[in-house]
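Note that this is a predicted model, so its numbers are computed, not measured. Values below: all heavy atoms of this structure, side chains included; hydrogens, waters and symmetry mates excluded.
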Protein chains: 2
Amino acid sequence: MSMRQVTPAPGKASGTPKKADVTRVQILLAAAQLFSQKGYAETTLRQVAEKVSLKPASVYYHFESKEQILEEVLNAGIVYIKTSVETALAGVPADAAFRDRFNAAVRAHLRVMLDHRDEAGTYIRVYSNLPPIAKFRSRKARQEYTNIWRALLEDAQARGDIAQDVDLGLFLPFILGAMNRAAEWYTPKRGTIPQLADLITRLVCDGAAPRRAAL
Amino acid sequence: MSMRQVTPAPGKASGTPKKADVTRVQILLAAAQLFSQKGYAETTLRQVAEKVSLKPASVYYHFESKEQILEEVLNAGIVYIKTSVETALAGVPADAAFRDRFNAAVRAHLRVMLDHRDEAGTYIRVYSNLPPIAKFRSRKARQEYTNIWRALLEDAQARGDIAQDVDLGLFLPFILGAMNRAAEWYTPKRGTIPQLADLITRLVCDGAAPRRAAL
DNA sequence: GTCTATAAGGAGATAGAC
DNA sequence: GTCTATCTCCTTATAGAC
């Protein structure tokens with residue numbers, strides 16, 4: 001699943017591939033990369049234009065404003081992440097161990113965010129320093145995504161895989177935030193994405209202390 | 001310990017309180033707040049000036065450039081955090097349980113970052129979207145701080161409080177990043193800072209699963 | 001659809017009076 | 001130390017030719 005399929009144009013059924021909405025998508029991709037690398041305010045439309053070999057003015061044929069580009073980039077990013085995690089969860093039996101379902105979700109989230117950094121990572125990286133309007137507009141999609149995780153964790157707590165006295169109101173944002181922050185520091189040099197996913201799963205399920213079971 | 005004592009002026013022993021380095025510090029504090037709230041690029045010198053009831057030009061009597069203000073804000077922030085965590089660790093016996101030492105450090109880190117958001121939180125929040133020069137300049141202080149945590153965790157691993165097969169190269173940045181990300185989502189509505197610190201400590205030491213000991 | 005040219009505004013920073 | 005006034009540059013965005 002690529003961002004390409006996610007943003008053909010607002011309100012357009014995927015019938016004709018259309019001749020040059022291609023440019024539109026190229027702009028979105030370039031913008032996503034730049035926003036992700038340097039932040040929204042620090043990125044100029046000239047840089048976006050140059051990256052797709054256009055003159056700045058031409059960008060305005062495809063988009064009304066810089067902010068509209070941002071909005072679409074954000075939405076595409078979160079839809080992309082959401083779909084990936086949903087797909088990953090669907091690939092694990094619903095009655096599988098919590099550990100396995102959780103690990104699959106974590107791995108999917110990390111993979112999208114760290115592997116396809118430019119495409120979806122933008123959402124995570126740029127979100128904090130945004131004009132409040134943009135934050136508000138993407139709020140709904142963001143919440144829908146969070147709900148996937150909430151359901152996963154609430155279910156685990158109901159089944160006794162997570163202790164009753166763990167406050168999900170703190171745990172949920174903590175664990176999502178912890179994963180998202182990885183976009184800031186992760187490099188393949190530190191380890192693979194599955195390794196990181198395993199570490200997180202281990203922390204959540206067992207902690208980092210040595211197993212004291214077999215004693 | 002306040003940021004005031006940290007940034008009297010570069011290379012100035014704390015002898016005379018000096019008549020109006022006060023303004024200098026006020027500018028730093030105002031800048032810290034604004035950078036933290038809106039990001040570096042989105043903050044204008046005019047806004048900083050207005051916040052301390054100065055005209056924009058007057059700021060340049062105290063600082064050479066906007067970037068220099070940023071640099072000092074960042075350094076002050078990290079020195080502040082570092083000192084806080086060191087003090088907290090010094091307050092716990094060196095032979096205390098890892099759990100207690102870790103919890104004290106987490107709590108101190110979170111308190112500075114979340115309670116004194118404007119002073120030290122800037123460092124965390126702004127750092128990602130920075131001109132590379134600024135990142136580089138604050139690198140040394142950042143590493144010195146990280147080393148406190150590395151020592152704490154390496155020590156724990158040596159004593160067997162953290163399992164041998166936990167990769168600190170992943171674990172260290174993960175846990176620091178997770179805490180830092182809390183600046184993005186934490187509000188007192190979700191819980192107290194000690195509660196969050198306890199949650200993190202629990203995850204690290206035991207995991208979130210129900211205790212299976214007493215069975 | 002993309003271009004050239006340019007408008008309109010705001011940014012960081014400086015000069016020099018007070 | 002702080003002010004007024006201003007320079008210069010670069011931004012987003014528009015107008016209209018091709």
Side-chain angles (χ1 to χ4, degrees), chain A residues 7-10 12 16-32 34-35 37-74 126 129-134 137, chain B residues 7-10 12 16-32 34-35 37-74 126 129-134 137:
Chain A
T7 32
K12 184 149 286 187
T16 21
K18 216 68 184 191
K19 71 168 181 177
D21 279 327
V22 174
T23 308
R24 196 189 152 84
V25 173
Q26 284 176 333
I27 292 171
L28 282 174
L29 239 74
L34 291 170
F35 291 169
Q37 287 164 18
K38 332 192 333 174
Y40 175 64
E42 292 90 341
T43 300
T44 70
L45 264 174
R46 294 181 140 76
Q47 296 167 330
V48 175
E50 195 186 15
K51 196 153 194 170
V52 291
S53 304
L54 281 182
K55 298 299 168 184
S58 308
V59 173
Y60 287 90
Y61 173 81
H62 301 277
F63 298 91
E64 283 180 8
S65 66
K66 186 187 175 188
E67 216 180 70
Q68 196 208 330
I69 299 181
L70 171 67
E71 195 180 326
E72 295 203 23
V73 165
L74 290 185
V126 171
N129 300 27
L130 276 190
I133 336 97
R137 289 221 183 99
Chain B
T7 32
K12 184 150 286 189
T16 20
K18 217 64 183 191
K19 68 169 181 177
D21 278 327
V22 174
T23 308
R24 196 190 151 83
V25 173
Q26 283 176 335
I27 293 172
L28 283 174
L29 240 74
L34 290 169
F35 290 169
Q37 286 164 18
K38 332 191 334 172
Y40 176 64
E42 292 90 341
T43 300
T44 70
L45 261 172
R46 296 179 144 76
Q47 296 167 331
V48 174
E50 196 187 16
K51 196 152 193 169
V52 291
S53 305
L54 280 183
K55 298 297 167 184
S58 307
V59 173
Y60 286 90
Y61 173 80
H62 301 278
F63 298 92
E64 283 180 7
S65 67
K66 185 186 175 188
E67 217 180 70
Q68 196 208 330
I69 298 180
L70 171 68
E71 196 180 324
E72 295 204 22
V73 165
L74 291 185
V126 171
N129 301 29
L130 277 191
I133 334 98
R137 289 220 181 101

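Residues A/Gln26 and A/Val52 approach most closely at O-CG1, 3.4 Å, considering heavy atoms. Closest approach of A/Lys66 to A/Ala41, counting heavy atoms only: NZ-O, 3.9 Å.
Counting heavy-atom neighbours within 6.0 Å of B/Glu50 CD, excluding the residue itself, gives a total of 12 or less.
As judged by a 4.0 angstrom heavy-atom cut-off over every strand, B/Thr44 is placed among residues touching the sugar-phosphate backbone only. Among the heavy atoms of the strands lying under 4.0 Å from B/Lys66 are primed sugar atoms or P, OP1, OP2 only; no base atom is included.
Protein atom CZ of B/Phe63 is 18 Å distant from nucleotide atom C1' of C/dT14, rounded to whole Å. Atom OH of B/Tyr60 and atom P of C/dG16 are 18 Å apart (whole Å). Atom CD of B/Gln68 and atom P of C/dT14 are 12 Å apart (whole Å). With rounding to whole Å, B/Leu54 atom CG is found 10 Å from D/dC3 atom C1'. The interatomic distance linking B/Glu64 (CD) with C/dT14 (C1') rounds to 13 Å, in whole Å. Atom-to-atom, CZ of B/Arg46 to P of D/dT11 comes out at 17 Å; the value is rounded to the nearest Å. Taking atom CD on B/Glu50 and atom P on D/dC3, their separation rounds to 12 Å, with Å as the unit. Here the P atom of nucleotide C/dG12 and the CD1 atom of B/Ile69 are 10 Å apart, to the nearest Å.
Not one side-chain nitrogen or oxygen of A/Thr23 sits closer than 4.0 Å to the OP1 or OP2 atom of C/dG1. Side-chain N/O atoms of A/Ser58 include none lying less than 4.0 angstrom from OP1 or OP2 on C/dG1.
Side-chain contact between A/Leu74 and A/Phe35: absent, with no pair of heavy atoms (C-beta onward) separated by less than 4.5 Å. The shortest distance between side-chain heavy atoms of A/Thr43 and A/Val48 falls below 4.5 Å.
Side chain of B/Ala57, nearest nucleotide from C/dA13, C/dA15, C/dT2: C/dA15. Comparing C/dT2, D/dA13, D/dG1 by their closest approach to the side chain of A/Tyr61 singles out C/dT2.
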